[in-house]
A.B. asks: 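Here it is, the structure in full.
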Amino acid sequence: MTFVDAQIDRIVGPTHHFGGLGVGNVASQNHAGQISNPRAAALQGLDKMRLVAGLGVPQLILPPQPRPDFTLLKALGFSGTPAEMLKSALSEDPVILSAAASCSAMWTANAATVTPSCDTNAGCPVMTVANLSASLHRSLESTHTLKDIASLFPNGFDVRPALPGGAPMRDEGAANHMRLSGSDGKSGLNVFVYGDGPPEPQCHWPRQTKAAGQAIARSHGLQESDVFHFKQHPKAIDAGAFHNDVVAMSHQDLLIHHELAFAPDSCQEIERLKRRFENVIQKPLRILSISSNELKLDDAIKTYFFNSQIVTASQSGKMKWTILCPVQVQQNRVTHELVNRLCAEQVFHAVHFVDLGQSMDGGGGPACLRLRLPLSEQEIGHLDTSALWTESRDSDLRAIINDRYPIELKITDLADIEICQRALETQEVIARCLRQDSGST
Ligand code: SUG
């Protein structure tokens, strides 16, 4: 039995905007207040899903979460009619208005941490939804995410609510988790990456704690010998690597990371990982450390090279590793040469460059936009088929987006009740479209 990585992406919502809300996220901060294009954002996301599905990879689609979140505005003391709440939020605290309307749930790599059934004693895949408690706008996601993910797996999946505990249990999901395995996807080793504890970064607050990774490993029933905790390098966090997947990527027996991804005292854990991998998988773990001489940390973060999405494409019965890089990787000489070299060395069989400009400007690349779910064939058969990517669903969604999404949005527009009501209706139209069983491919 082999395990295949299904991919879960979420459609970008109609209130997608640049609020500058991302903690320690340089791209988000640099684009704060600029005019966004929600329609382009949603279509760029769908283009990536089409590409992945076309490679023979199971692709699941979630609808946008309903925004603006009036419950938040009310809870934070805004009152009156919905129109009045929006107006007073804009004048009194536009950051709260922006948080209430944020479409950050599109970055599904932060939705949950996933343990496939082969790694746990639970007898089925286990997922813990991320609490995202480092930021206001992202902390709103977990209640809906729990419902959304649970609905994808009507049978036999254990989807758990976010960790309690607030700041000491800050958890950002799969973006800070790497699972290494053999080519059959079984017998995984789990690396949790955290940022708290000395030496601390000087400029940005680390978003993930070690205690959160430990709690998830414990509650998912992972064997202690197969769990590893790496500390993020404080220099990486300060340079804008607010998640590990901005400076490291992994797929099966491959781990590629920037030399400044992990703090020096993670060396022992890395050595233990190598030894354990060789014992369990019976072959060496391939670790490629990219030096600062070859690729400056700043360029790694600007291009999001390490946030490329690696998938195993099944083509004419052969399994080929394909890497989806942001177009920014192609536009930078160093990263373009690097990916070409990795292809020439057969680390990857093919590369595609994807334009995700609207997501990139909020600090999210291809890998941020997908949650990986290693599933057996039998488990794939249990998925809710109405969430699977199909040609007809793709064209229905494009029609809705082209018809209903704005092509320009600025923060002040979020105080316009008509724009917000239309956005909420559009979210419902998309959710209904995805619930219909128009299953043909
Ligand atoms: O949490 N950006 C997200 C980007 C998440 C990227 N995910 C991964 N690396 N896996 C974040 O910082 C920006 C919102 C704004 O600018 O309004 C934002 O939330």
Side-chain angles (χ1 to χ4, degrees), residues 7-10 12-13 15-38 41 45 48 65 67-69 94-114 130-142 145 170-178 193 195 204-208 232 236-237 239-250 257-258 261 300-310 326 356-372 409-411 413-414:
Q7 318 277 315
I8 306 180
D9 289 40
R10 192 189 282 281
V12 182
T15 55
H16 160 72
H17 66 282
F18 300 123
L21 304 175
V23 174
N25 173 341
V26 177
S28 153
Q29 284 158 15
N30 287 345
H31 291 90
Q34 293 193 3
I35 295 174
S36 64
N37 183 337
K48 181 174 82 69
Q65 293 195 348
R67 295 286 184 276
D69 183 341
V95 171
I96 293 181
L97 178 63
S98 169
S102 176
C103 297
S104 55
M106 70 202 227
W107 292 298
T108 52
N110 306 117
T113 305
V114 180
N131 59 29
L132 294 162
S133 55
S135 40
L136 172 65
H137 68 301
R138 302 224 60 181
S139 69
L140 307 177
E141 296 171 25
S142 64
T145 300
R170 304 194 290 287
D171 170 29
E172 304 263 324
N176 289 325
H177 172 243
M178 299 183 288
V193 187
H204 300 307
W205 198 43
R207 292 207 204 175
Q208 179 96 23
Q232 278 184 285
I237 297 180
F242 53 96
H243 291 138
N244 174 60
D245 67 4
V246 175
V247 279
M249 57 180 153
S250 67
H257 66 88
H258 192 272
I301 291 169
K302 269 189 210 127
T303 60
Y304 264 44
F305 165 75
F306 293 98
N307 201 262
S308 298
Q309 178 175 359
I310 309 171
L356 294 166
Q358 288 289 312
S359 168
M360 288 285 284
D361 289 351
C368 299
L369 288 164
R370 65 94 174 90
L371 180 66
R372 275 185 288 201
L409 199 70
K410 49 190 184 313
I411 293 183
D413 295 332
L414 300 170

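Just so you know, ligand 1 is whichever comes first in the structure, and atom 1 is the first atom listed for that ligand.
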A.B. asks: So for G363, does at least one of its heavy atoms come nearer than 4.0 angstrom to any atom of ligand 1?
C.D. replies: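 It does; at least one heavy atom falls under 4.0 Å.
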A.B. asks: Applying a 4.0 Å heavy-atom criterion (strictly less than), which segment of A109 is in contact with ligand 1: side chain, backbone, both, or neither?
C.D. replies: side chain
A.B. asks: Looking only at protein heavy atoms, identify the closest one to atom 17 (O) of ligand 1 and say how far it is in Å.
C.D. replies: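 The closest heavy atom on the protein side is G19 N, 2.8 Å.
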A.B. asks: Name all residues meeting the ring pair (Phe, Tyr, Trp, His ring centres under 6.0 Å) criterion together with H258; count only those two or more places apart in sequence or in a different chain, and write none if there are none.
C.D. replies: none
A.B. asks: Can you tell me if H31 contacts ligand 1 (heavy atom of the residue under 4.0 Å from the ligand)?
C.D. replies: no
A.B. asks: If you take the nearest heavy atom of each of Q29, H16, H137, which one is closest to atom 14 (C) of ligand 1?
C.D. replies: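 Looking at heavy atoms only, H137 sits closest to atom 14 (C) of ligand 1.
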A.B. asks: How far is atom 16 (O) of ligand 1 from the closest protein heavy atom, and which atom is that?
C.D. replies: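 The protein heavy atom lying closest is S28 OG, 2.8 Å.
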A.B. asks: Mind checking whether D245 contacts ligand 1 via backbone (N, CA, C, O), side chain (CB onward), both or neither, at a 4.0 Å heavy-atom cut-off?
C.D. replies: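 It is the side chain that touches ligand 1; the backbone stays farther off.
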A.B. asks: Is it the side chain (CB and beyond), the backbone, both or neither of R207 that lies under 4.0 Å from ligand 1, heavy atoms counted?
C.D. replies: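 Only the side chain of R207 comes within reach of ligand 1.
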A.B. asks: Would you mind checking which non-hydrogen protein atom is closest to atom 13 (C) of ligand 1, with the distance to 0.1 Å?
C.D. replies: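 Of every protein heavy atom, G362 O, 3.4 Å lies nearest to atom 13 (C) of ligand 1.
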A.B. asks: How would you list, by chain and number, every residue that makes a salt bridge (Lys or Arg N to Asp or Glu O under 4.0 Å) with D9, sequence neighbours excluded?
C.D. replies: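 Once residues adjacent in sequence are excluded, the partners of D9 under the salt bridge (Lys or Arg N to Asp or Glu O under 4.0 Å) criterion are K48.
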A.B. asks: Do me a favour and list the nearest non-hydrogen protein atom to atom 8 (C) of ligand 1 with residue, atom name and distance?
C.D. replies: C368 SG, 2.8 Å
